[in-house]
Protein chains: 2
Amino acid sequence: MAATRLTWREMAAGVWCAEVAEQSSPRLLDLAAGPPAREALATMPAAGFPLAGERTVSEQIAGRVVLRFPLRPDERLYGLGLQFRTLDARNSVRGLRMDHYGGQDNGRTHAPCPLYVSSGGYAVLVDAARTVTVHAGTAVRLDSTHPPRVLDRNRDADWTPNPVSDAVEIALSGPSVRVLVFGGPTPLDAVRRYVLYSGGGCLPPRWGLGFWHRVPLKFSDADVRREVADFREHGFPLEVLGLEPGWQSHSYPCTYQWDPERYPEPETLCRELLAQGIRLNLWENPYVSPEAEIHDALRPLAGSHAVWCGLVPDYALPEAREVLGRQHDREHLAIGVSGYKIDEVDGIDAWLWPDHATFPSGHTGEEVRQTYGLWLQKLLTELFRRRNRRTYGLVRGTNAGAAGYPYVVYSDCYDHREFIAGLCNSGFLGVLWTPEVRGAGSAEEWLRRIQSVCFSPLAMINAWADGTKPWSFPEVEHAVREAIGLRRRLLPYLYSAFARYHFDGTPPFRAMALEDPALEALDQYMMGDSLLVAPMFAGQQSRQVLLPPGRWADFYNGELVADAAEVTVTPGLERIPLFVRDGGILPLATDDDPTALEVRHYGRGEGTFVLYDDDGETYDYEQGAYNLTELRVTGDRDATTVPVRQSAPATYRRFEWRFMTQT
Amino acid sequence: MAATRLTWREMAAGVWCAEVAEQSSPRLLDLAAGPPAREALATMPAAGFPLAGERTVSEQIAGRVVLRFPLRPDERLYGLGLQFRTLDARNSVRGLRMDHYGGQDNGRTHAPCPLYVSSGGYAVLVDAARTVTVHAGTAVRLDSTHPPRVLDRNRDADWTPNPVSDAVEIALSGPSVRVLVFGGPTPLDAVRRYVLYSGGGCLPPRWGLGFWHRVPLKFSDADVRREVADFREHGFPLEVLGLEPGWQSHSYPCTYQWDPERYPEPETLCRELLAQGIRLNLWENPYVSPEAEIHDALRPLAGSHAVWCGLVPDYALPEAREVLGRQHDREHLAIGVSGYKIDEVDGIDAWLWPDHATFPSGHTGEEVRQTYGLWLQKLLTELFRRRNRRTYGLVRGTNAGAAGYPYVVYSDCYDHREFIAGLCNSGFLGVLWTPEVRGAGSAEEWLRRIQSVCFSPLAMINAWADGTKPWSFPEVEHAVREAIGLRRRLLPYLYSAFARYHFDGTPPFRAMALEDPALEALDQYMMGDSLLVAPMFAGQQSRQVLLPPGRWADFYNGELVADAAEVTVTPGLERIPLFVRDGGILPLATDDDPTALEVRHYGRGEGTFVLYDDDGETYDYEQGAYNLTELRVTGDRDATTVPVRQSAPATYRRFEWRFMTQT
């Protein structure tokens, strides 16, 4: 039972792996969207193994494999499951388990990724599809070589219930596990290595970054047509319209078949909408109704337990994926459906199968729970890929290694601040998150939420229950239109940020701590490389914004803000505070000419932006069919536009430079 | 991997046991205070095995042992850990794990007893010191022989996320387990069998049922003397004074030695207080300071991890118990200390040792976590028993089988309603619970909390942090004195109720559902056999009270209330609503003569009360040294007082009958 030193093997540049016993149970990275992006990893800064190797050990204890990694007194630990209230997980124990977030950052969450990113500039991934318990600097061993100082709570004012531990201890059931360590030198570099090793981040279709609207539960095709006409009349754009459970003949459990009364001619509807530039996204949960045509084929391929009387197909089996895939392809993809919202794959315990459920693949109930959302993302993404069409959708449960799947995580919770904290934390984990808007208690809240969601991976109103529209609060309709308009203008910038996610591993949305570990904010974040977003919350007239080192300019007027670590802003109701790094370059779409860009430069410094474009719809970019244009300002506002790669028809032909900051 | 039918063996009258594999890991009932009370069990009503035996099965699945028990559609499931918000645990999953209650009834609690009591009149105990996950009617198997009706959420208004399951499924790590089933016929009978099989409930010393007051953290002996004088001046009784961490030379972690500055002469203080009828109770937590004299002796007997830099001794080792016991006996018991408050044995995860910690006895960290409070109760109870002195104290974490230990559970939470819900739920589990009073936001709240705690197993103000006194809110001082006085008057009744707990297994405090499964209240409860307590909460002018079948009388004036299932009461600030069953007999102490009882009869019916008395201090009652007096009303208010056993000096000699209800 003695602790054994782990043996590390470099798998790719700055990525190390150690195995404890031979792992028979499923690994998370085996479900990644693609193989490691070795070439991109090789271009990263050199990184040595970031830990004291002799202090990385494993031990077999009472049916558990226990890992121990060294921890310095000043390290902060980010990640460890998608959190909504905290940034630094140090001094907590996280039982990382797939679940609906229940109001506590205890490891039960929509993305229970067993990954931590250290402020010291490295990351550790426990690559196992099991519940992983991480003692993030809480377990202090008696034989520690760096014992904490003994304090007396009666006497010592700095007594704390968490003495400083020199280790992270991790436990999971079973004897085997694979662990990966990602080098830095910075925390962001470690995240990039993790994303690249997972195959790179997803690149959504361009339309996916437009505006989404989900209609109420029992809408019919006639209701949908009316809704679309309403959007047009109110002058609101709409790229994706989402149907909720009522599109199916039965749901909870599901048939995946169109309801013959509400949608007698889905193909006609799809075609009509596509002609207007609107794509359909379909809600589903994975539990198969006895009424489904595919039920009998899936029955022998399902787990021991039902969910809401529906089958839980074992999608680790290719034949099960084939049954669902064929049906989806024929009934949905073939008529133009653009993607899915995968609901109910996260929890809660009392609804899903137990951990002791059995599945025909031999995976345990626990393993299937941790990966069910991954399997469905894999299945559905591959379905679209076969048609060389990109998809973009939503999923309520995901896990580590899924950065390459074009799915955005959401939750039934609805706290605006928690939603923004989720957005900040998502970046550590290779996960996308949307603070979707449903309803609001006031016009102010409505507007503040819309402003936030327009600066997220998925700008969506989910009106499934409330029937809200963008113009539901007439007093802020104009400002809502502004916010949505701003997202559309920033689309070239955002699309390029996603390209960076894919090619370089840099998350398009991320916490300030990845800019500067000293910035512990959970209410502001980076979108792309240059834009700092500081949402306002209902009731706020002003707020503090933490600024990373360097000077920052106001996005709206280009004015440089005080050279300070912190500023107070009073933006008024119409605006969400946005700041651009000195030297930042933002390419914005123009209203009239889709081939023209307004290229904004902020501040006084030099800067470069690599503009990415491609056909926006297919996977041809993977074969090299994309363009890169370097937008560069040097010296005294010397602006150049340099095409560095042209392998696809150009999306943009005109570049109108605009220097936002007065000299 | 097929399910195997369990083989049941009758262990005592109406108690059956099944074993899956040979259980090497510790069992909870092995830590019970005494052997099964077979004679008492033999006098209970006959009970057949309450379940369909062929549907009680076990299965070995991926390192877990899984049990399945049948469940009828209308059964409610009580127990499953000490809960604070819910009564019926059906349709929930409980991961029963020792922890500080965190605001959710999810199984993490101060008494994570793996026991459920069915409204159908039986109970099931998983007798394992491990985290036990109970799917309380949530897991529906595809091969169920009683499949629930398939509903469609879009169409069926009675759709529910929890279709009716025909089974309880229970999983725990490891291959082995022992399960016990307790027969009825009623749910209360099942609880009684469980308590009796655990050795019977505890009988506290009589002084333990008096009034308790814990003084602030850093009180010195001079402060204590002043506090006692203050109590006398204000005319408040005081049976037990509790010292908090500052009595020790170091605490968090602990030395268990008197602080030489604050308590230079503890023996003198103890003697002085005892002369005034006041006993000392000492706070402690079990983590041993490097400054403790016993540290070096315990160091080789401790677990692998520290808590607050203190040792976690392995009290499953007799030699470890001996070290602590000798020190406690010499330093505390020998000078008259009456008992302990055992703090911090419950959680939280980030403070305690991990489940993978190792202990010299071979018990796992998880097993030690589930039982640490039990070991300490056992150790300390036995210490007093050796001196033939009963003790009474507090413990923050306990488990199944501990009914015989004279310890009352408490929590750092402080919601009055949750505290009362805890009192209701405690009765299912063989656990005592105190809604201790600390502070209050208003005089009304103060009074309402005091009224509640006076109708609980431990009537205590815990002023460790707030320094409150009974008279802290002068405007209600009189009413507070009334409430405490009422508790003192009811002491003969309450002491007899505890004797019933010991001899008959009936919990002295219990939920209405044990009277009548239809009564799902969590804000009222039974104290003893005849008294229904319905606490008022701050802000309430009136409340509803659910009444079990039969007529009930107002305690204060004897008036029969409407013959209804529910009444509304508006008791005013001074009174806590109390109802007495028709025919109920309550022996009350009198103010002037300690040998006299006022024996009250309520309503119009016949009734009997068995009055118990003994020396109130020693274990001589276990050798038969106690008295029983039958107080009986027959026919037309024909009152008799029949001594049925006289084996000890009589406490009471005068019985003054009083018929409270006017004819």
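Below, chain A is the first sequence line, B the second, and so on; all start at residue 1.
- For chain A, the nearby part of B:Leu151 is the backbone; its heavy atoms alone come within less than 4.5 Å.
- When heavy atoms are compared at a cutoff of 4.5 Å, A:Pro290 approaches chain B solely by way of its side chain, counted from C-beta outward.
- Neither the backbone nor the side chain of A:Thr133 comes within less than 4.5 Å of any heavy atom in chain B.
- Looking at A:His356, both its backbone and its side chain come within 4.5 Å of chain B, counting heavy atoms on both sides.
- For A:Asp349, the parts sitting under 4.5 Å from any heavy atom of chain B are the backbone and the side chain alike.
- Only the backbone of A:Gln248 comes within contact range of chain B, with at least one heavy atom under 4.5 Å from a heavy atom of that chain.
- Taking B:Cys309, B:Ala357, B:Ala302, B:Pro163 one by one and counting their heavy-atom pairs under 4.5 Å with chain A, the maximum is reached by B:Cys309.
- Within the 4.5 angstrom heavy-atom criterion, atoms from both the backbone and the side chain of A:Ser251 approach chain B.
- Interface check for chain B: of the options A:Glu291, A:Glu366, A:Arg149, the most heavy-atom pairs under 4.5 Å are formed by A:Glu366.
- In this structure, chain B has a heavy atom under 4.5 Å from the backbone of A:Ser249, while its side chain stays farther away.
- The contact between A:Arg262 and chain B is made entirely by side chain atoms (from C-beta outward), counting heavy-atom distances below 4.5 Å.
- Heavy atoms of A:Pro354 lying under 4.5 Å from chain B belong to its backbone as well as its side chain.
- Contact annotation for A:Val66: only side-chain heavy atoms (C-beta onward) come within less than 4.5 Å of a heavy atom of chain B.
- Only the side chain of B:Arg64 has a heavy atom closer than 4.5 Å to any heavy atom of chain A.
- Proximity to chain B is limited to the side chain of A:Asp259, based on heavy atoms less than 4.5 angstrom apart.
- With a threshold of 4.5 angstrom between heavy atoms, A:Trp308 approaches chain B through its backbone and through its side chain.
- In summary, of the residues considered (B:Trp283, B:Trp351, B:Tyr287), a ring pair (Phe, Tyr, Trp, His ring centres under 6.0 Å) with B:Tyr252 occurs for B:Trp283 alone.
- Of the listed residues (B:Val93, B:Thr138, B:Leu142), the greatest number of heavy-atom pairs within a distance under 4.5 Å of chain A belongs to B:Leu142.
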